[in-house]
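Some notes on the structure that comes next.
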2 protein chains.
Amino acid sequence: MNFAPQVSPNTPMLAADRFSDKQMAVMRATMRLVVVQGIHATPMSQIAKEAGVAAGTIYHYFTGKEELFAVLYGMLKEQMGAALLRDDDPRQPYNKRFQQFWRNLYRFFVEHPTEFEFLELCERSPIISEDIRAEHMRHYQPGLNFLNIGIKTRVLCDMPLDLMSATIYSSIATTVRYIRQRKEAQTLESNEEYTILNTAMQSCWNSVKWF
Amino acid sequence: MNFAPQVSPNTPMLAADRFSDKQMAVMRATMRLVVVQGIHATPMSQIAKEAGVAAGTIYHYFTGKEELFAVLYGMLKEQMGAALLRDDDPRQPYNKRFQQFWRNLYRFFVEHPTEFEFLELCERSPIISEDIRAEHMRHYQPGLNFLNIGIKTRVLCDMPLDLMSATIYSSIATTVRYIRQRKEAQTLESNEEYTILNTAMQSCWNSVKWF
DNA sequence: TAATACAAATTGAACGTTCATTCGGTTGCA
DNA sequence: TGCAACCGAATGAACGTTCAATTTGTATTA
């Protein structure tokens with residue numbers, strides 16, 4: 001069920017553009033409310049109100065609450081995958097590219113705090129089924145390939161691929177959470193973020209580089 | 001509200017023993033159901049049934065659903081703090097002690113998968129208030145002190161303490177999740193766990209040691 | 001030892017509320 | 001004119017919580 005604007009099937013639209021305004025409004029409202037109140041405490045009626053839409057309208061676009069979450073989760077994962085690859089230059093040395101990827105995800109999360117928190121919530125909640133979760137792993141694939149090359153060429157240490165990717169993701173997420181906390185507490189000096197970011201990135205590189 | 005068995009106030013009981021059988025049954029049932037269904041989808045009535053207790057009994061021990069979660073969260077945090085310090089020998093070299101701590105948490109989580117998953121859920125869900133969360137940070141304190149010494153003596157790298165502790169925790173949690181997945185998929189050879197654990201621990205140490 | 005008394009523990013039906021979802025109707029565009 | 005988009009009151013199921021009644025455990029009395 002998806003009555004979004006159609007284009008030729010050869011130009012794959014991504015993320016946001018695939019959805020109508022109302023659809024996006026509903027999804028954005030969902031994120032905003034859920035990160036503050038939790039899934040268990042945000043009723044569809046409130047989502048509708050926050051989105052400026054009638055309750056029934058949500059059911060025009062989504063079959064129910066579960067699908068709403070799944071579609072939203074998928075959209076965010078796709079955006080993440082796109083952000084990951086930004087400005088990648090394959091001619092650069094391996095660890096430069098690694099740092100580019102790391103920074104890309106970091107920036108995406110820092111610039112999209114609500115999306116970040118919502119994903120963090122979903123990642124560990126049974127509201128997203130294992131199937132949906134596995135399906136959206138594909139957005140990561142280029143990153144996994146990149147890591148795999150590093151392992152094979154002994155630039156990266158001998159660690160199971162999935163463990164390594166999870167480790168790196170954790171490093172980024174942890175850093176983002178830390179920075180956000182410091183920003184909220186307003187204890188972050190002007191260019192301290194830059195220093196911390198570099199320390200965290202270096203630390204992450206040290207944890208996966210060949211040793 | 002806590003009608004648990006009393007002892008002299010000088011012998012601080014910890015964790016599980018503080019609660020009556022029924023109380024524990026309720027908390028355990030809560031964990032079991034929540035990690036499978038999510039907070040939003042586990043009603044009190046079901047918790048009561050799973051615990052072998054009448055609905056009203058829950059409200060004899062807890063003021064409501066929220067307090068039930070908070071108390072459960074606190075108990076698990078306390079158990080975690082106790083597990084962390086097991087077999088610590090201050091005469092050992094710094095990185096041996098570090099490894100002991102790392103392994104302690106790792107084992108605690110691997111041996112208590114339901115508790116682990118429940119905590120992971122709580123850690124990112126607004127169901128636990130910031131206050132409750134901050135209050136139970138104290139169970140971590142010895143670990144934080146240990147890290148602080150490492151930073152001061154330049155055994156560990158110059159990284160904000162909170163970021164470092166979160167990084168280490170993430171490393172452990174990520175490893176536990178990875179191992180659990182492999183166990184579930186039954187693709188884990190006999191002593192592969194030991195190899196992976198050591199790789200992950202080494203990787204973690206590399207990410208925080210002085211560089 | 002048996003009888004009594006009393007409070008804490010426990011029960012589960014009942015209550016009022018809130019929830020996800022439905023549906024008959026209206027709007028606006030092609 | 002027709003059809004998708006949209007509305008919001010209505011619906012019935014399910015929820016968290018309450019409470020009057022009952023059981024259990026234990027201390028007290030005779």
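Order of the sequence lines sets the chain letters (A, B, ...), proteins ahead of strands, with each chain counted from 1.
- Looking at residues two or more places apart in sequence or on another chain, you find no salt bridge (charged side-chain N to carboxylate O under 4.0 Å, His left out) involving A/E189.
- The shortest distance between the side-chain N/O atoms of A/K49 and the OP1/OP2 oxygens of D/dG8 is not below 4.0 Å.
- Rounded to a whole Å, the OH atom of B/Y61 is 20 Å from the C1' atom of D/dG16.
- Put simply, CE on B/M44 is 15 Å from C1' on C/dT11, counting in whole angstrom units.
- Look at CZ on B/F62: it is 18 Å from C1' on D/dT18, rounded to the nearest Å.
- Atoms NZ (A/K65) and P (D/dA13) sit 19 Å apart, rounded to a whole Å.
- Atoms CD (A/Q23) and P (D/dA5) sit 9 Å apart, rounded to a whole Å.
- Across C/dC19, D/dA9, D/dG16, the shortest atom-to-atom separation from the side chain of B/P43 is found for D/dG16.
- In terms of the side-chain hydrogen bond (donor to acceptor under 3.5 Å, both in side chains) criterion, residue partners of B/W102 (sequence neighbours excluded) are, by chain and number, B/S171.
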Sort me out a list of protein N/O and nucleotides 19-22 of chain D N/O pairs below 3.5 Å, or just none if empty.
none

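- For residues 126-146 of chain A, no residue pair satisfies the salt bridge (Lys or Arg N to Asp or Glu O under 4.0 Å) rule, not counting sequence neighbours.
- Applying the salt bridge (Lys or Arg N to Asp or Glu O under 4.0 Å) test to pairs two or more places apart or on separate chains, none has a residue in residues 19-29 of chain B.
- Following rounding to the nearest Å, A/H60 (NE2) and D/dA4 (C1') show an atom-to-atom distance of 6 Å.
- In the helix from C/dT1-D/dA30 to C/dA30-D/dT1, the terminal helix axes, each the rotation mapping four pairs' C1' atoms onto the next four within five end pairs, subtend 10°, rounded to 10°.
- Using a distance-only test at 3.5 Å, with no hydrogens or angles considered, no donor-acceptor pair links the side chain of A/Q46 to the main chain of A/T42.
- Remark: A/K96 pairs with no residue by the salt bridge (charged side-chain N to carboxylate O under 4.0 Å, His left out) rule, at least two apart or across chains.
- Separating the CD1 atom of A/I58 from the P atom of C/dA20 is a distance of 9 Å, rounded to the nearest angstrom.
- Taking only side-chain atoms of A/V53, from C-beta outward, the nucleotide of C/dA13, C/dA20, D/dC7 with the closest atom is D/dC7.
- Look at CD1 on A/I47: it is 17 Å from P on D/dG8, rounded to the nearest Å.
- The side chain of A/K22 lies closest to D/dC6 when the candidates are C/dT21, C/dT10, D/dC6.
- B/R32 is linked by a salt bridge (charged side-chain N to carboxylate O under 4.0 Å, His left out) to B/E50, counting only residues two or more places apart in sequence or in another chain.
- Partners of B/E115 according to the side-chain hydrogen bond (donor to acceptor under 3.5 Å, both in side chains) rule, which considers only residues two or more places apart in sequence or in another chain, do not exist here.
- The backbone N or O of A/L121 lies less than 3.5 Å from no partner atom in the side chain of A/S125, so there is not a single donor-acceptor pair.
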